[in-house]
Amino acid sequence: MFDYAPSHNEWIERMDFFMRSGRALEGSFEEHSISILPEENNVSYAVKIDDWLVTTSRVAETVLSFIIQAYEETIIEEEIEVEREDAVELAKDRAKSEALEAGKKPEEVAKAILKAAVEAESDEYEVDPEEVIALVAERIEEILDACESA
C-alpha cells in the first residue's frame with residue numbers, strides 16, 4: 001500500500017462516521033462496484049468489491065484498506081498495460097522504419113516488426129507511484145462522498 005498521509009487519517013474518520021451511522025452504500029465507482037453493508041447485528045460491515053466479499057469488519061481502517069488495495073491493484077494493472085501497449089507500438093514503428101530504410105524485403109520487414117513487438121511485450125514496466133496515489137485518492141474521495149450522502 002502506498003502512503004496516503006495526511007488524507008488517510010481523514011478517510012478513516014469519514015469511514016468510521018459512515019459505519020457508526022448504520023447506513024449502507026452500493027454503487028459503481030470507476031473500475032469497481034462497491035458494497036459496504038451493515039451486517040444483521042449492525043456491529044460489523046460486509047465489504048464486497050465486484051460482488052466478491054472481501055472482508056467483514058467493524059474497523060473503518062480495515063474496510064478502507066481493502067478498498068484502497070483493490071483500486072491500487074487495478075490502477076497499477078491498467079497503467080502497466082498502457083505503458084506496454086505504447087512501448088509495443090513504438091517498437092513496431094521503429095523496427096518498420098529501420099527495416100524499410102535498410103531496403104529489406106516485405107517478409108523481413110514483417111519479421112522485424114514481430115520481433116520488436118515480442119521483445120517490447122516481454123519487457124518489465126513500472127508505474128509512477130505519485131500517479132497511482134492521485135488516482136486512488138480520487139476514487140476513495142468519490143466513495144467517501146457517496147457514503148456521506150447515502
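Keep in mind the model is a prediction, meaning the values are calculated, not measured.
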Quick one: list whatever passes salt bridge (Lys or Arg N to Asp or Glu O under 4.0 Å) with [X], sequence neighbours left out.
X    : result
R139 : E31
D123 : none
E13  : none
D50  : none

At what distance, to the nearest 0.5 angstrom, does [atom1] of [X] lie from [atom2] of [Y]?
X    : Y    : atom1 : atom2 : value
E85  : E83  : CD    : CD    : 10.5 Å
I67  : I34  : CD1   : CD1   : 5.0 Å
L25  : S35  : CG    : OG    : 7.5 Å
I143 : E30  : CD1   : CD    : 10.0 Å
F29  : I140 : CZ    : CD1   : 10.0 Å
T55  : I36  : OG1   : CD1   : 11.5 Å

**OP:** Examine distances only and state if a side-chain atom of Y45 and a backbone atom of M19 form a donor-acceptor pair shorter than 3.5 Å.
**Re:**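 Answer holds: yes.
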Original post:
Looking only at atom types and distance, does a side-chain atom of S57 sit under 3.5 Å from a main-chain N or O of V59, one as donor and one as acceptor?
Top reply: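 Yes: the side chain of S57 pairs with the backbone of V59.
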Which heavy atom of [X] sits nearest to which heavy atom of [Y], and what is that distance?
X    : Y   : answer
T56  : S44 : CG2-OG, 3.6 Å
A150 : A24 : CB-O, 3.5 Å
A116 : A91 : CB-O, 3.6 Å

Original post:
Which ILVMFWY residues can you reach from L100 by hopping between side chains whose heavy atoms are under 4.5 Å apart?
Top reply: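 Cluster partners of L100: V109, I113.
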**OP:** Tell me who clusters with L53, hydrophobic residues only, linked when side chains sit under 4.5 Å apart either directly or through other members.
**Re:**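 L53 clusters with nothing; isolated.
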Check the hydrophobic clustering (I, L, V, M, F, W, Y; side-chain heavy atoms under 4.5 Å; chains of links allowed) and say if [X] and [Y] are grouped together.
X    : Y    : value
L135 : F2   : yes
I80  : V132 : yes
L90  : V127 : no

**OP:** Please examine the side chains of E10 and Y4, heavy atoms only from C-beta on, and report whether any two atoms are closer than 4.5 Å.
**Re:**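 Contact flag for Y4/E10 side chains = no.
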Original post:
Taking the side chain as C-beta and beyond, is there a heavy-atom pair between S33 and I49 under 4.5 Å?
Top reply: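 With C-beta onward as the side chain, the pair stays apart.
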Subject >> salt bridge (Lys or Arg N to Asp or Glu O under 4.0 Å) assessment of E108 paired with K105 >> reply: CA-CA 5 Å; E108 293 170 326; K105 296 179 183 175; 5.9 Å; no
Original post:
Under the ring pair (Phe, Tyr, Trp, His ring centres under 6.0 Å) rule, what pairs show up with a residue in residues 48-105, not counting sequence neighbours?
Top reply: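 Sorted pair list: H32-Y71.
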Subject >> Qualifying ring pair (Phe, Tyr, Trp, His ring centres under 6.0 Å) pairs with a residue from residues 96-138, counting only residues at least two apart or across chains >> reply: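 Output for this query is empty, none listed.
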Subject >> Residue pairs involving residues 51-79 (criterion salt bridge (Lys or Arg N to Asp or Glu O under 4.0 Å); sequence neighbours excluded) >> reply: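 Sorted pair list comes back empty.
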Original post:
Which side-chain hydrogen bond (donor to acceptor under 3.5 Å, both in side chains) pairs, counting each pair once, include a residue from residues 141-150, with sequence neighbours left out?
Top reply: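 For residues 141-150: W11-E141, R14-E141, R14-D145, R14-E148.
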Original post:
Partners of R84 by side-chain hydrogen bond (donor to acceptor under 3.5 Å, both in side chains), sequence neighbours excluded?
Top reply: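 Expected list: none.
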Subject >> side-chain hydrogen bond (donor to acceptor under 3.5 Å, both in side chains) involving S97 - partner list, sequence neighbours excluded >> reply: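 With neighbours one apart ignored, the set is empty.
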